[in-house]
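For reference, the structure discussed in these notes is given below.
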Amino acid sequence: MKFSTLLVGATATLATAQNAASYTDAKSNITFQAYQHATGYFLGIALPEEPTNNTDIIVTIGGKGTGWSGASLAGPMKNALLLLAWPNSQAIVGSFRKTAQYGSPPVATGVFTQTPIANGTYVNSTHWTYTFLCSKCIQTDGTTFAANASSTVLGYALSSAAPSNKANAASPVSKHSSQGQVNFDLIKARSKNFATWKTWAVPKF
C-alpha cells in the first residue's frame, strides 16, 4: 500500500509513535485515519461527520503475503470486538471474533455485519486490502470505542502465517507475530462524505 497522501515522514512516525495519520486510498478515494506497520500491515477507520447515535464505521485493513491481519475495536485483545481478515487467492476472508482468553479467538456473532466496498478490496502483487462497512459495530458494552469519543486506542495484531483453512472465515489462526496499540484521532476520522462512501458497500452473493 502506498501512503502517498501522508505527510512527509509520517510513515516513520506511525511506526515509532503508534499514532494514526490521515490517508486517502487511491482506489476508493476514501479518507481514513490510518496506521501502517513496518511489515506492511495497515489499519484505517472512517466515521460519519455527526457521531450521535452512530454505530457504523468504515474499516480498511490489510497487509503483505498470505498471513492474517487483525484489529481490536477496544484496544486490548480480551473481551473486545475483534476484526480478522486474510487473503484467499484473489478474495478476502473477514470475520468478527471475541475471546476472554489468550489464544485463537472464536467467531463472534451479533447484530454487527461486514459489507465489502469493492473498489477498496483487492489482492495484487504487493499487498492485499479489505475495505468494508462495519454496520452496527460500535457497541455500548465496552467491547468497542464509544460513538461520541474524540479519540481512542485501537489494538492491532498480525501474523505472516496463513490460517489453517483460508477459505473458512471461522478458521483458527496462529499466534500473532507482532501486536500493539495505536492512538486514533476520531474527530479527524469523521467525514461529510461518509454517507456516500457507505452506499458503495454491496453484500456478496
Side-chain angles (χ1 to χ4, degrees), residues 1 14-20 33-45 55-89 91-116 121 123 127-146 149 151-184 204:
M1 167 170 274
L14 289 176
T16 57
Q18 307 279 328
N19 292 315
Q33 280 292 295
Y35 166 75
Q36 184 180 33
H37 190 269
T39 60
Y41 168 98
F42 57 89
L43 169 67
I45 60 172
T55 60
D56 296 346
I57 61 177
I58 294 174
V59 177
T60 189
I61 190 170
K64 295 181 178 180
T66 59
W68 60 267
S69 294
S72 166
L73 295 183
M77 175 183 177
K78 293 196 296 185
N79 303 312
L81 185 60
L82 308 175
L83 308 173
L84 259 64
W86 58 82
N88 178 33
S89 187
I92 305 294
V93 176
S95 65
F96 293 102
R97 307 289 180 108
K98 190 181 292 185
T99 182
Q101 308 292 331
Y102 290 116
S104 181
V107 168
T109 57
V111 296
F112 34 78
T113 60
Q114 297 178 16
T115 307
T121 300
V123 180
H127 67 279
W128 59 272
T129 300
Y130 179 36
T131 303
F132 61 96
L133 175 66
C134 199
S135 299
K136 298 182 179 178
C137 284
I138 299 180
Q139 306 292 301
T140 58
D141 58 1
T143 58
T144 70
F145 60 89
S151 63
T152 194
V153 174
L154 301 183
Y156 72 87
L158 60 110
S159 173
S160 59
S164 56
N165 184 352
K166 294 192 294 182
N168 184 357
S171 177
V173 294
S174 59
K175 183 179 179 179
H176 50 71
S177 54
S178 184
Q179 56 83 31
Q181 297 185 336
V182 183
N183 300 311
F184 278 77
K204 294 186 294 184

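Quick caveat, the model's predicted, so the values are computed rather than measured.
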Look up atom NZ in K98 and atom CG in L73, then write down how far apart they are to the nearest 0.5 Å.
-> 10.5 Å
How about T121 and Y130: do any of their side-chain heavy atoms sit closer than 4.5 Å?
-> yes
What one should report as the nearest heavy-atom pair of N183 and N19 is ND2-OD1, 2.9 Å
Which of parallel (below 30°), tilted (30 to 60°) and perpendicular (above 60°) describes W68 and H176?
-> perpendicular
Non-hydrogen side-chain atoms of L43 and V59 separated by less than 4.5 Å | yes
Is there a side-chain contact between I138 and F145 (heavy atoms, below 4.5 Å)?
-> yes
Does any pair with a residue in residues 151-174 pass ring-ring contact (aromatic ring centres under 6.0 Å, His included), and if so which ones, sequence neighbours excluded?
-> Y35-Y156, H37-Y156, Y41-Y156
Would you find a donor on one side and an acceptor on the other, under 3.5 Å apart, between the side chain of S72 and the backbone of G155?
-> no
In short, P87 meets G65 closest at the heavy-atom pair CG-O, 3.5 Å
Side-chain donor or acceptor of S69 paired with backbone N/O of G62 under 3.5 Å = yes
Test item: T152 side-chain N/O and F184 main-chain N/O as donor-acceptor pair under 3.5 Å | no
Is a side-chain donor-acceptor pair under 3.5 Å present for R97 with T99?
-> no
Can you name the closest pair of heavy atoms from L81 and C137 and give their distance?
-> CD2-O, 3.7 Å
List the steps, then state whether side-chain contact (heavy atoms from CB on, under 4.5 Å) holds for F112 with T143.
-> CA-CA 12 Å; F112 34 78; T143 58; over 6 Å; no
Closest non-hydrogen atoms of I92 and A85, given as atom of the first, atom of the second and distance, are CG2-CB, 4.4 Å
Nearest heavy-atom pair of W86 and V173: which atoms, and what distance?
-> CZ3-CG1, 4.1 Å
Donor-acceptor pair, S89 side chain versus A91 backbone, under 3.5 Å?
-> no
Can you tell me how far CG of L83 sits from CD1 of I45, rounded to the nearest 0.5 angstrom?
-> 10.5 Å
Side chain to side chain donor-acceptor pair (under 3.5 Å) filter on S160, not counting sequence neighbours, yields none
What is the distance from atom CG of N88 to atom CH2 of W128, rounded to the nearest 0.5 Å?
-> 11.5 Å
Are the side chain of Q181 and the backbone N or O of G75 linked by a donor-acceptor pair below 3.5 Å?
-> yes
Any side-chain heavy atom of S135 within less than 4.5 Å of one from T55?
-> no
Would you confirm whether S95, through its side chain, and A169, through its main-chain N or O, come within 3.5 Å as a donor-acceptor pair?
-> yes
Find the distance between CZ (F96) and CG (L84) and round it off to the nearest 0.5 Å.
-> 11.0 Å
Within the distance-only criterion (no hydrogens, no angle test), does the side chain of D56 pair as donor or acceptor with the backbone N or O of K136 below 3.5 angstrom?
-> yes
All heavy atoms of S104 vs all of P172, minimum pair found to be OG-CA, 3.4 Å
